[in-house]
Protein chains: 2
Amino acid sequence: MVPTKVKNADTSVTIEVDGKPVGKASAKARPLTRIQREKQNVILEAALDVFAVHGFRGSTIDQIADVAGMSKPNLLYYFPRKEEIHRRLISELLVTWLAPLREMDADGDPFPEIRSYIRRKLEMARDYPRESRLFANEMLQGAPHIIEMIEIDLKNLVDEKAGVLLGWMDEGKLARADPYHLIFSIWATTQHYADFDVQVRAVLGPSRGGEGRFEDAARYLEQLFLYGLTPRAKV
Amino acid sequence: MVPTKVKNADTSVTIEVDGKPVGKASAKARPLTRIQREKQNVILEAALDVFAVHGFRGSTIDQIADVAGMSKPNLLYYFPRKEEIHRRLISELLVTWLAPLREMDADGDPFPEIRSYIRRKLEMARDYPRESRLFANEMLQGAPHIIEMIEIDLKNLVDEKAGVLLGWMDEGKLARADPYHLIFSIWATTQHYADFDVQVRAVLGPSRGGEGRFEDAARYLEQLFLYGLTPRAKV
DNA sequence: CTAACATTTTTCCAACTGGTCAAAATTCTT
DNA sequence: AAGAATTTTGACCAGTTGGAAAAATGTTAG
């Protein structure tokens with residue numbers, strides 16, 4: 001009874017015995033060829049385009065293959081199922097997505113730290129809007145594919161950073177406020193510029209809806225998080 | 001050549017002449033029967049459930065019919081096409097959605113006004129999360145069905161309210177800040193609790209993720225918008 | 001150059017999709 | 001209670017969808 005290699009192109013090589021899959025065989029997995037690496041990236045790029053707009057169910061393999069410039073069966077040669085593509089995108093995403101928060105440094109001072117956290121998130125909204133929308137789509141659906149990661153990895157990270165924020169508050173360097181909702185409000189206000197981009201642009205109009213809107217947003221948010229909207233004596 | 005009534009069940013009765021639709025005939029439209037009103041509502045409810053999670057393309061008539069507890073052809077008797085259902089939901093939505101902002105009163109004082117605007121939006125996130133998600137889904141897709149309404153009605157309303165905010169700033173009752181981004185930040189922070197509900201709950205954990213989260217959010221946001229995060233001497 | 005492997009294309013399929021239609025069942029009106 | 005109108009159902013259809021299989025074509029290490 002000799003195991004049979006069924007496919008190589010996919011990252012996760014499937015091994016069968018008597019026609020039944022017996023799990024990944026990392027030992028047997030060959031290194032990806034040049035073409036495999038390139039094509040997988042092309043596909044993931046295309047899939048990001050499509051999934052970000054239509055969500056998982058609303059996207060079709062045909063659509064993705066079309067954007068990727070290849071035939072559907074050819075695409076399926078690299079990712080044997082639609083879910084596989086989505087899984088890859090989503091899991092890569094979470095790492096990238098949490099990076100800015102990870103960088104928030106307990107040894108720094110709260111305002112520079114929060115300020116640059118907001119900046120980084122805003123830059124991500126500007127430079128990676130598709131990723132933001134992919135994430136938003138997943139959330140809207142109840143995060144079916146990443147709920148455990150959210151409940152464990154994300155929660156742990158946020159718990160830790162909430163602790164950092166509380167520390168700063170104890171030192172009197174930061175106003176006392178719910179650290180969790182503080183983090184939520186940073187997420188919300190920054191990702192809004194990616195997820196609701198159409199609305200933002202439509203409301204700002206042609207004159208103010210250009211690239212400058214991110215600078216305006218950064219300035220405004222900085223003020224909001226620093227001082228709120230209470231008028232101050234003199235600036 | 002006598003016009004023929006083709007359907008009555010739909011709100012928009014179609015009249016045909018020689019088999020070609022010649023537009024709505026509000027004159028001929030009979031009042032909806034009891035069953036029609038009831039069933040249409042059942043369908044719209046079900047569709048809201050489904051569309052809010054899966055978006056337009058990702059939702060199927062079968063799914064909606066299933067949730068509505070009727071057969072697909074029966075559902076199609078009331079709404080002859082999928083788009084019709086979606087259109088109805090979306091257009092009803094926009095009216096409801098803008099109501100809280102409309103209520104912001106130029107003659108009031110800025111802080112009570114902004115404060116209750118935030119409360120109202122937060123209540124909507126709590127009580128109408130499906131509507132919020134339907135809206136978010138539409139935005140993520142680039143608002144294909146409501147772009148003109150966004151560009152005209154919404155923009156006009158926001159322009160007007162931005163004027164109100166600027167007025168308050170001129171009077172020195174409100175810190176000078178970009179009024180458009182101010183409004184965006186209220187939208188973002190409040191709708192976040194509907195659209196990213198899973199995440200919020202997962203991060204807060206069972207202890208703090210209960211219904212109380214909306215009260216916590218309200219308290220936090222109030223502080224944020226009022227004073228920001230700069231520590232104040234004494235509360 | 002060629003055998004072994006990787007890639008691509010062609011063809012196909014079963015399940016699902018949005019939607020039609022006529023007949024049957026129900027409800028309403030008189 | 002009967003006839004008319006409305007509502008519901010079941011059978012059906014053409015197009016789309018995710019995916020399988022195999023043949024055809026490319027690529028590359030020896």
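Letters go in sequence order (proteins before strands), and every chain restarts at 1.
- In this structure, NZ of B:Lys39 is placed 12 Å from C1' of C:dT27, rounded to the nearest angstrom.
- Within 6.0 Å of the OH atom in A:Tyr128, the count of heavy atoms belonging to other residues, nucleotides or ligands does not exceed 12.
- Rounded to whole angstrom, the span from the CG atom of B:Asp66 across to the C1' atom of C:dT17 amounts to 15 Å.
- Look at B:Glu92 and B:Arg88 and you find a salt bridge, because one of the NZ, NE, NH1 or NH2 atoms lies within 4.0 Å of a carboxylate O, short of that distance.
- Rounded to a whole Å, the CD1 atom of B:Ile43 is 11 Å from the P atom of D:dT7.
- Close to C:dA6, at under 4.0 Å from its OP1 or OP2, lies no side-chain N or O of A:Gln36.
- Between B:Arg133 and B:Asp195 there is no salt bridge, since none of the side-chain N atoms of the basic residue sits less than 4.0 Å from a carboxylate O of the acidic one.
- Phosphate proximity of C:dA6 to A:Tyr78: absent, as no side-chain N or O sits under 4.0 Å from OP1 or OP2.
- Close to C:dT17, at under 4.0 Å from its OP1 or OP2, lies a side-chain N or O of A:Arg57.
- Distance, B:His54 NE2 to C:dG18 P: 13 Å, rounded to whole Å.
- Between B:Ser71 and the phosphate of D:dT9, there is a side-chain N or O to OP1/OP2 separation shorter than 4.0 Å.
- Contact annotation for B:Lys72: base contact, defined as any heavy-atom pair under 4.0 Å involving a base atom.
- Salt-bridge annotation for B:Arg119 and B:Glu215: present, with a side-chain N of the basic residue lying under 4.0 Å from a carboxylate O of the acidic one.
- Between B:Ile64 atom CD1 and C:dG19 atom P there is a gap of 10 Å when expressed in whole angstrom units.
- For B:Asn74 and D:dT7, the shortest distance from a side-chain N or O to OP1 or OP2 is not below 4.0 Å.
- The nearest whole Å value for the distance from the CG atom in A:Leu76 to the P atom in C:dT7 is 15 Å.
- One finds no side-chain N or O of A:Tyr77 lying less than 4.0 angstrom from the OP1 or OP2 phosphate oxygen of D:dG19.
- In this structure, A:Gln63 and A:Arg81 both approach DNA chain D, and ranking their closest nucleotides by distance from the 5' end singles out A:Gln63.
- Between B:Ile61 atom CD1 and D:dC13 atom P there is a gap of 19 Å when expressed in whole angstrom units.
- The NZ atom of A:Lys82 sits 14 Å away from the P atom of C:dC16 (whole-angstrom rounding).
- Look at A:Arg213 and B:Asp178 and you find no salt bridge, because none of the NZ, NE, NH1 or NH2 atoms lies under 4.0 Å from a carboxylate O.
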